[in-house]
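Values below: every heavy atom of this structure, side chains too, minus hydrogens, waters and symmetry copies. One-based numbering, in listed order, for ligands and for the atoms of each.
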Amino acid sequence: MGNCPNIIANGTCSVSSCPHEHNVTVCEPCGRVFSSVNEFQMHITSKQHREGSSKSQVVSCPLCNLNVYGGPAGWDQHLTTKRHKKNVRASTAPLAVEPQSGITTAQAQFCDFCQTTVLSFHWNNHVNTNKHKSKENYVKYRSAVEDAEKDKNGVAIIGAFNLGFVGPDVATAGKKVSASITTTQLSHTKLVKIQLASSLGSKAKQSA
Ligand SMILES: [Zn+2]
Ligand SMILES: [Zn+2]
Ligand SMILES: [Zn+2]
Ligand SMILES: [Zn+2]
């Protein structure tokens, strides 16, 4: 069935018979959302995950106005190029040049989600790849969760209800979080019920 689109977009889902998965599996270091635990497990044994995203990350040089590939080593290499040195000499800007986010050029478009450049010709394919979608979903999901955590109608949440990633060992042993919900004097909100997002839907796993 895959991840619930409401959870991805809003951080919550109020459809009680929602058939989608509400335990969204994410890999924080890689910034990706997975539609199944299987997919996630395949990911964490992959080269992509072990090497992290830094190696393939694209940055750009603000002086040379071009993309630099190959992670930190590629950047160091760029600093030694003739073109760069010439631009440094011609520049009145501060001495240390910091790598910037990648840029879109005539041939290639920079993908903010993947932090990589994609030949314009391949762009339509790119946005349909699993990798791109999982990154895009991660960005949506993170901002939805952050919005959901913000104070609403004078209701403040102190502490966190976020259990983080719970592995099988921890799940067996049990995990506790504590947080309190308070309201400002002006708020007319009453706490009626607390429900885990993961306890909604027919595919819910009531592990917590
Ligand atoms: Zn749902
Ligand atoms: Zn990962
Ligand atoms: Zn440069
Ligand atoms: Zn992308």
With the side chain counted from C-beta on, respond yes when [X] and [Y] share a heavy-atom pair under 4.5 Å apart, and no when they do not.
| X | Y | value |
| --- | --- | --- |
| N128 | K133 | yes |
| T105 | T117 | no |
| V24 | I8 | yes |
| T129 | V127 | no |
| C4 | E21 | no |

[X] [atom1] to [Y] [atom2] distance, which is reported to the nearest 0.5 Å:
| X | Y | atom1 | atom2 | result |
| --- | --- | --- | --- | --- |
| S143 | Y138 | OG | OH | 11.0 Å |
| K85 | L63 | NZ | CG | 14.0 Å |
| S35 | N137 | OG | CG | 9.0 Å |
| Q115 | S101 | CD | OG | 5.0 Å |

Counting only protein atoms, how many N/O/S atoms are less than 2.8 Å away from the Zn ion (ligand 2)?
4
Going by side-chain heavy atoms closer than 4.5 Å, which hydrophobic residues are tied to V139, directly or by a chain of links?
F113
Determine whether Y69 and T116 satisfy the following criterion, side chain to side chain donor-acceptor pair (under 3.5 Å), listing intermediate values before the conclusion.
CA-CA 9 Å; Y69 298 85; T116 186; over 6 Å; no
Using the rule that Ile, Leu, Val, Met, Phe, Trp and Tyr join whenever any side-chain heavy atoms are under 4.5 Å apart, tell me whether L119 and F110 fall into a single cluster.
no
In terms of side-chain geometry, is the basic nitrogen of E28 or R142 positioned less than 4.0 Å from the acidic oxygen of its partner?
yes
So what's near the Zn ion (ligand 1), protein N, O or S atoms under 2.8 Å?
C4 SG, C13 SG, C18 SG, H22 NE2
At a cut-off of 2.8 Å, what protein N/O/S atoms sit near the Zn ion (ligand 3)?
C61 SG, C64 SG, H78 NE2, H84 ND1
